[in-house]
Amino acid sequence: MTRIGISSGIEELVARLLGLLGEDVSRNGLKETPKRVEQALRFLTKGYGQRIEEVLNGAIFEVDSSEMVIVRDIDFFSLCEHHMLPFFGKCHVAYLPNGRVIGLSKIPRLVELFSRRLQVQERLTMEIASAVEEGTGASGVGVVMEAQHLCMMMRGVEKQNALAVTSAMRGTFKSDPKTRMEFLDLIRRPRG
């Protein structure tokens, strides 16, 4: 099958980029690199082709509960939109059901959807919170993300142990310090 259009355009751009960096694109180790880079970029940005409704797939259920639901320690990987270098870490999501819950596996899927786009951590955190809030009609949503950024580790300031932490608090998580503290205490608790 012949690849045409955008795909071959990305491969051509990568080959040209490698040449501009002083590499010989025809050498053995680089012959397939433009194709591999394109495949990697398509995978790492697949969130652009996904919609929230498709990810949720109707997995919203009526319940008679208003107690906090938390899915914590969700691994995520994203690309910083400033340097296109990876940032990665853990995401913690909580919400207070208001008569409806979301299938638990859908929360990591939402994290994946938004993290597989060019991002800044601050916006990523807010997008996840908004999606959970809108999808469930929750009376409160809290999202905390902790990440290491290769753009800070490998270049620029070169600080390998810096951890960026962002949060988005909505509804009761924002207005009630007790609810917010319960969430923050529960995500700090050691496993087991």
Side-chain angles (χ1 to χ4, degrees), residues 40-82 84-150 163-192:
L41 286 173
R42 290 208 179 276
F43 178 78
L44 295 172
T45 60
K46 69 182 179 180
Y48 289 119
Q50 296 177 305
R51 292 185 22 238
I52 295 170
E53 300 78 27
E54 292 169 351
V55 169
L56 295 180
N57 195 24
I60 305 290
F61 307 102
E62 304 293 324
V63 295
D64 186 25
S65 173
S66 60
E67 297 301 318
M68 190 179 301
V69 176
I70 300 175
V71 180
R72 66 175 236 190
D73 297 328
I74 303 166
D75 293 317
F76 75 92
F77 299 88
S78 193
L79 290 176
C80 139
E81 68 183 31
H82 300 132
M84 288 184 66
L85 288 173
F87 67 97
F88 57 93
K90 301 280 186 197
C91 179
H92 316 285
V93 179
Y95 70 98
L96 296 169
N98 192 12
R100 297 174 6 162
V101 294
I102 185 173
L104 290 175
S105 70
K106 301 304 182 182
I107 293 174
R109 290 180 192 279
L110 286 172
V111 172
E112 178 85 358
L113 179 152
F114 291 111
S115 65
R116 294 300 187 183
R117 298 175 178 182
L118 298 180
Q119 282 288 9
V120 293
Q121 184 176 334
E122 298 87 343
R123 182 177 62 239
L124 176 58
T125 307
M126 291 185 296
E127 287 176 338
I128 294 165
S130 293
V132 172
E133 184 177 42
E134 291 167 18
T136 63
S139 60
V141 175
V143 176
V144 173
M145 300 192 86
E146 306 167 282
Q148 293 180 280
H149 292 248
L150 291 187
L163 187 68
V165 180
T166 53
S167 69
M169 302 294 170
R170 306 282 170 83
T172 308
F173 284 86
K174 186 171 190 156
S175 64
D176 181 7
K178 188 175 169 186
T179 300
R180 185 172 47 253
M181 282 310 301
E182 179 184 354
F183 169 48
L184 296 174
D185 286 344
L186 287 169
I187 64 173
R188 286 187 199 117
R189 205 172 270 185
R191 289 179 153 231

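- Here Arg116 pairs with Glu112 under the salt bridge (Lys or Arg N to Asp or Glu O under 4.0 Å) rule; sequence neighbours left out.
- Classification of the Phe76-Phe87 ring pair by plane angle, with boundaries at 30° and 60°, yields perpendicular.
- Of all heavy-atom pairs between Leu186 and Arg72, the closest is O-NH1, 2.9 Å.
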**side-chain contact (heavy atoms from CB on, under 4.5 Å) between His92 and Ile74, worked out** = CA-CA 6 Å; His92 316 285; Ile74 303 166; over 6 Å; no
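- A search for side-chain hydrogen bond (donor to acceptor under 3.5 Å, both in side chains) contacts involving Thr172 returns nothing, not counting sequence neighbours.
- With rounding to the nearest 0.5 Å, the separation of CZ in Phe114 from OH in Tyr48 is 12.0 Å.
- The line from CG of Leu163 to CE of Met145 is 11.5 Å long, rounded to the nearest 0.5 Å.
- Side-chain contact between Ile187 and Ile70 is present, with heavy atoms from C-beta onward closer than 4.5 Å.
- For residues 73-82, the set of pairs meeting the side-chain hydrogen bond (donor to acceptor under 3.5 Å, both in side chains) definition, not counting sequence neighbours, comprises Asp73-Arg191, Asp75-Lys90, Glu81-Arg123.
- Under the 4.5 Å side-chain criterion, counting only non-hydrogen atoms from C-beta, Thr45 is not in contact with Arg117.
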**Request:** Output, in order, the C-alpha distance, side-chain angles, deciding distance and verdict of side-chain contact (heavy atoms from CB on, under 4.5 Å) for Arg170 and Ser130.
**Result:** CA-CA 8 Å; Arg170 306 282 170 83; Ser130 293; 2.9 Å; yes
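- In plain terms, the two heavy atoms of Arg180 and Lys174 that are nearest each other are NH1-O, 2.9 Å.
- Residues Leu124 and Ser115 have side chains in contact (heavy-atom distance under 4.5 Å, counting atoms from C-beta outward).
- Across Phe183 and Val93, no two heavy atoms sit closer than the pair CE1-C, 4.4 Å.
- Under the 4.5 Å side-chain criterion, counting only non-hydrogen atoms from C-beta, Ser139 is in contact with Leu96.
- Leu184 CG to Ser167 OG: the interatomic distance, rounded to the nearest 0.5 Å, is 7.5 Å.
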**Message:** Assess the residue pair Arg51 and Leu56 against the criterion (side-chain contact (heavy atoms from CB on, under 4.5 Å)); give the C-alpha distance rounded to whole Å, side-chain angles, the decisive distance to 0.1 Å, and a yes or no.
**Reply:** CA-CA 9 Å; Arg51 292 185 22 238; Leu56 295 180; over 6 Å; no
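- Between Ile128 atom CD1 and Ile107 atom CD1 the span is 10.5 Å, to the nearest 0.5 Å.
- Gln121 and Thr166 share a donor-acceptor pair across their side chains, judged by distance under 3.5 Å alone.
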**Request:** Please lay out, stage by stage, how Phe77 and Leu44 fare under the test side-chain contact (heavy atoms from CB on, under 4.5 Å).
**Result:** CA-CA 8 Å; Phe77 299 88; Leu44 295 172; 5.7 Å; no
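- For the pair Asn57/Glu53, no side-chain contact is recorded, criterion being any heavy-atom separation below 4.5 Å from C-beta on.
- Within the 4.5 Å cutoff, no side-chain heavy atoms of Val143 are placed close to those of Val132.
- Across all non-hydrogen atoms, the minimal contact from Val111 to Cys91 is CG2-SG, 3.8 Å.
- Between Phe173 and Tyr95, the shortest heavy-atom contact is CE1-CA, 3.9 Å.
- Atom CG of residue Leu41 and atom NZ of residue Lys46 lie 14.0 Å apart, to the nearest 0.5 angstrom.
- Other residues, nucleotides and ligands contribute only 12 or fewer heavy atoms inside 6.0 Å of the CZ atom of Arg109.
- Side-chain contact between Phe61 and Thr136 is absent, with no heavy-atom pair separated by less than 4.5 Å.
- Within a 6.0 Å sphere centred on CE of Met84, other residues, nucleotides and ligands contribute 12 heavy atoms or fewer.
- Residues Lys106 and Ala59 come closest through the heavy atom pair CE-CB, 3.6 Å.
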